[in-house]
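No experiment lies behind these values; they were computed from the predicted model shown. We name chains A, B, ... by the order of the sequence lines, and we start the count at 1 in each one.
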Amino acid sequence: MVALENTDTRAVVAGMTIDVQAVSHSFELDGAPLLVLDEVELRVEPGELVALLGPSGCGKSTLLRLVAGLEPPSRGSIMADGRPIDGPDPSRVVVFQDPTLYPWRTVRDNVALGLEARGLQRSQGHRIDKALALVGLAGFEKAYPHQLSGGMAQRAALARALVNDPRLLILDEPLGKLDSLTRLAMQSELVDLWRSSGFTGLLVTHDIEEALFMATRVIVFSGRPARIKADLPIDRPYPRHRGDPVLTELRHRILELLGLAETW
Amino acid sequence: MSVNDTAAALPAANGGALPIGGGLPSNLLLRFSAAALLWFAASGVTALWPDAADAQEWERTGEFASLLVVAAGLLVLAALLAAAIRPAPRSRLESAIASLSASVPWLIALALGVTGWEILTAKLNLLPRPFFVPPQALLEVYLDDWPRLLDCFAASLRLLVTGYAVGSVLGVVTGVAIGWSRAVGYWVHPVLRLIGPLPATAWLPIAFFAFPTSWSASVFLIALASGVPVTVLTWSGVAGVNSAYYDIARTLGASPRFLVLKVAVPAAMPHVFVGLFMGLGASFAVLVVAEMLGVKSGVGWYLQWAQGWAAYGNMYAALLVMALLCSGLVTLLFRVRDRLLAWQKGMLKW
Ligand SMILES: Nc1ncnc2c1ncn2[C@@H]1O[C@H](COP(=O)(O)OP(=O)(O)O)[C@@H](O)[C@H]1O
Ligand SMILES: [Mg+2]
């Protein structure tokens, strides 16, 4: 697979630095504040692919929404390349667990969304076909979302993100709803994409193997309110092997951290 | 003798060759011939059976019989073509004939119905007059009074389309504004709740003196009748848009304008069309009332006028025109919807 070429005269897209500084966040629930993130400190260097693991409902998605700029944190600040994040920006793109394609648009028009929103469709239109080819959806340009399988829809959502040349790709359980065979295939594809494009990746997953197979670092969160429990570098070369004994050892440690070691 | 008796007697007289259900192309010839035969029979009854002696003789009986013969002749032609197009239709004409064959049961029922109608009115004078007229009376109206009917049709169409267009556009704009802006919702929602359920015709007395012309008053009433359901449904459509659609667009750099026009409006479109259909139905009702009471033109006014003169033939003729107008507009709206919402699965076909 090849990366989307950057046709601008700017330097080649490089990953973004994300600096989460003492971020706490709470929601209002039945009039009482519900603390979801508690003093989270996290620095992600350019080109890293960081996996976030933690019990369901601990606040992982919330953290991703804050990084995407969809909501401001209650306390603390988040910096992107040293500048505080004050709203969403096409350099930080999100792929959710649900593909959330617009059902009234064809696959091609869905992928074109970012370019269209920024008025770049005319000048940068050729990137749409490249992005579609990159995720293996060439030939499905005219299909409507209801005509796609779950895997294809998620690929289209990925193309919709990649066409913007993001410097930070935020993935919130992107493979969570796919069947296991498609999931394994797309894990490899995502790793290839990330390795050839050089963006920074933030990946929330509930699958420990997936985190170990893909990420350069795994962050383990406590239950709500989310605190960082462990920060484990995965110092293994790519392409990785699922049977790697080092990864198996790490898997045991993570299960322990999540309080699930008995099931080992 | 009732209509049912007539209907039961006639096919038996024709040898009982009544094809039932969706038959095979092999008996196309038979099915078309049976229909043609019944239309010839209808024409024969009309032309050869003298009108009842105790009533007026109807004009245009000959023309009506000729019309029935033409229909029968076309069916004979279809039968011959149907015989020739085995095994499979190739040209456009041939596939048109093949699809016409699906309507054969209807063509037969229509022939029986017209024959029964003819017998009960003109031939036996069994139905109270002047409320019931034979079919040739309608033909007489179309042949003699068509300029005025056409005028009325055009006037109704113009009034309806103007009012409906104004109402729909304002309805969509208001609905989006309420769904989008909290401030607009704060002010408009209570007004809508109070005034929305009121039938538009309740405004009739005020409208006719508040507006400079009865035409503009009628436009207002039709716009009001169609605008309210469009507003409410558009609003509920916009309010129900999956918030993840907005999140996606925002992270991709969408402006608020883009979020409204390219996300909220298309996502709400299925709801908007429900409102447009409801509004269209409401506007028909208001159109007729407004024309009867205010504007001195249009099919509604013609209906009123015909009733006043006890010209029941004219009334039925106008009713048929009105039905075609309304049904045509509903069909058109369905077409537009089918095109715009082609991305939806399993849509109702009209
Ligand atoms: N918009 C919201 N309003 C109130 N509570 C919320 C909202 N979004 C998330 N929460 C709550 O915050 C907690 C963390 O949610 P989330 O970040 O989605 O967890 P996860 O780690 O499973 O992704 C959950 O208890 C959830 O109920
Ligand atoms: Mg989540």
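Annotation for A:Phe140: atom CZ does not count as buried by contact number, only 12 or fewer foreign heavy atoms lying within 6.0 Å. More than 12 heavy atoms of other residues, nucleotides or ligands shown are found within 6.0 angstrom of CH2 on B:Trp180.
Between B:Ala254 and A:Ala117 the shortest heavy-atom distance is CA-CB, 3.8 Å. When all heavy atoms are compared, the tightest approach of B:Leu252 to A:Arg118 is O-NE, 3.7 Å. Here the shortest heavy-atom pairing between B:Arg250 and A:Gly69 reads NH2-O, 4.2 Å.
For chain B, the option among A:Ile170, A:Leu113, A:Asp98, A:Val93 with the highest count of heavy-atom pairs below 4.5 Å is A:Leu113. Considering only heavy-atom pairs separated by less than 4.5 Å from chain B, the leading option among A:Tyr102, A:Phe96, A:Tyr144 is A:Tyr102. Listed options A:Ser91, A:Gly119, A:Pro88 were ranked by heavy-atom pairs under 4.5 angstrom with chain B; first place goes to A:Pro88.
A donor-acceptor pair is defined here as one N or O able to donate and one able to accept, closer than 3.5 Å; such a pair exists between the side chain of A:His146 and the backbone of B:Trp343. Between the B:Tyr245 side chain and the A:Thr100 main chain, no donor and acceptor come within less than 3.5 Å of each other.
A heavy-atom distance below 4.5 Å is found between the side chains of B:Ile248 and A:Arg160. Side-chain contact between A:Arg92 and B:Thr251: absent, with no pair of heavy atoms (C-beta onward) separated by less than 4.5 Å.
Interface remark: B:Asp247 contributes backbone and side-chain atoms alike to the contact with chain A (heavy atom separation under 4.5 Å). Within the 4.5 angstrom heavy-atom criterion, no atom of A:Gln147 approaches chain B.
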